[in-house]
Amino acid sequence: MDSLCLPQARVVEVDARISRRTAAFLVDLLLVWFVIAAPLSIIFAPLAEGSFSQIEAGATALQRFAAMLLFMLVWLYLITFEYLLRQTPGMVLLGLRVAGPDGWWRLALRNCFIIPIFPIILLWVVEPIVLLMRGRRWLEWISNTRTVEEVVI
Amino acid sequence: MAQRKTSNEQPSSAWRFVIVAIVLGAFFFIATMLAIIIALVGSDLPSSGNVAMIDVHGVIVVGDGFVGNGVVTSEQVIDELADADRDATIKAIILDINSPGGSAVASDEIGQAIARINKTTVALIREVGASGGYWIAANTDHIIANRMSITGSIGVTSSYLGFAGLMDRYNVSYNRLVSGPFKDMGSPFKPLTSEERALFEQKLDRIHAYFVEEVANGRGLERRAVDELATGELLLGVEAFDAGLVDELGSLEEAKAFIEQSEGITVSLVEYERKVSLYQLLTQVLSERSYWMGAGLGDALGTQTMRI
């Protein structure tokens with residue numbers, strides 16, 4: 001019998017669904033907690049204790065530095081994985097990857113929202129809104145990258 | 001949704017997991033090393049201040065709980081005083097007082113703790129430093145107040161509401177079951193007898209005498225002179241200054257200047273405050289409401305505490 005000559009199934013990449021992106025991000029946050037935040041938490045331990053102690057300007061500055069270091073390491077975590085694998089561990093689990101031209105600076109740019117410095121910190125509000133409205137983050141648009149998932153059509 | 005063909009080659013699944021494991025391990029190692037280095041550097045940092053600033057803000061109560069804003073516990077202040085006293089880099093202590101008073105016991109506990117300290121102590125009365133707030137201030141070496149601060153109020157109160165008349169009106173009876181004649185003294189559900197009133201006043205007089213004694217000893221005044229001032233009257237800072245209850249009119253600058261002159265140092269303030277965990281922070285809201293609800297009910301039911 002002659003075949004019907006139907007088009008063969010093929011795999012294409014589409015913009016990742018927001019639910020999957022959120023889940024991947026939460027997985028990454030969990031990993032970051034165990035791998036980066038947990039060791040660094042010993043610096044913040046005095047803040048978490050119920051005891052009395054003085055806030056010294058030096059110690060406070062040190063804790064601020066440690067907090068900034070924490071965010072820088074999280075930034076580096078995202079850049080490193082996306083540079084090596086084009087996906088973070090969370091993305092691996094959820095079947096997502098980063099698409100776009102090569103270049104570590106693009107990856108640094110697309111993930112720089114993590115740095116809690118004004119005015120970048122405003123992106124913590126702007127990025128989710130833009131993502132919900134346009135399906136792509138503003139920094140992804142600037143860095144010419146996309147977070148995609150594979151679908152069979 | 002935008003569609004594109006697959007691009008950017010990826011390593012195999014096995015390699016991906018190997019890379020993930022290696023990179024995660026590397027990050028854990030880096031974070032641990034950085035934490036250790038920062039902790040070591042931090043422990044070598046010199047103290048940045050030489051004068052401790054301790055807040056006594058709110059109603060003074062006994063208790064070690066985290067009772068929230070508007071209340072300060074004696075344990076909290078005593079622990080901060082002990083911390084400052086132990087710290088060799090701290091040369092003097094400023095008590096930033098903004099309190100209308102509170103529990104006589106709590107005020108006395110703080111006063112005793114101040115008296116035990118071998119460092120220069122200064123009380124800085126801002127808005128209010130009255131009654132128990134003044135009891136605490138009287139134990140310091142030097143009192144500074146704003147000319148419009150409210151201070152003084154040397155006296156004791158134990159007033160409460162009585163519901164006996166109201167209960168009679170609504171035919172509610174009070175079934176008195178006591179093993180001693182004064183066991184339910186101060187119950188809001190029965191009228192205060194003359195003997196009970198005399199007993200209460202005797203105890204109030206005794207606490208009043210302690211208060212006067214503390215002020216006289218702390219301020220180096222004649223007991224008779226303090227007795228004349230101990231009418232419970234609120235005094236403005238300027239009036240307290242004229243009466244000898246305050247050493248100086250001024251603000252934090254005057255407090256710093258006094259310490260610089262007496263200790264021969266350049267003052268660098270270190271704020272002492274209670275560190276709270278996230279859990280304590282979250283429970284603060286609940287406990288704060290519970291405290292005020294309890295305090296309100298306690299007042300309404302006439303819970304007997306000696307307040308100054």
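Everything numeric in this text was worked out from a predicted model, so none of it was measured. Every heavy atom of this structure was used, including side-chain atoms; hydrogens, water molecules and symmetry mates were not.
- When all heavy atoms of B:I30 and A:L73 are compared, the closest pair comes out as CG2-CD2, 4.1 Å.
- Heavy atoms of A:Y77 lying under 4.5 Å from chain B belong to its backbone as well as its side chain.
- Within 6.0 Å of CH2 in A:W124 there are more than 12 heavy atoms belonging to other residues, nucleotides or ligands.
- The two residues A:V92 and B:F17 make their nearest non-hydrogen contact at CG1-CZ, 4.1 Å.
- Between B:T32 and A:P39, the closest heavy-atom pair is OG1-CB, 3.6 Å.
- With B:V20 as the fixed residue, the side-chain contact (heavy atoms from CB on, under 4.5 Å) test singles out one of A:L93, A:L84, A:L85: A:L85.
- Both the backbone and the side chain of A:L76 have a heavy atom closer than 4.5 Å to some heavy atom of chain B.
- Of the listed residues (B:F27, B:F29, B:F28), the greatest number of heavy-atom pairs within a distance under 4.5 Å of chain A belongs to B:F27.
- Residue A:M72 qualifies as open at atom CE: its count of foreign heavy atoms under 6.0 Å is 12 or below.
- The 12-atom threshold is exceeded at CD of A:E127, counting heavy atoms of other residues, nucleotides or ligands nearer than 6.0 Å.
- For the atom pair B:L34 CG and A:L70 CG, the distance stands at 11.0 Å (nearest 0.5 Å).
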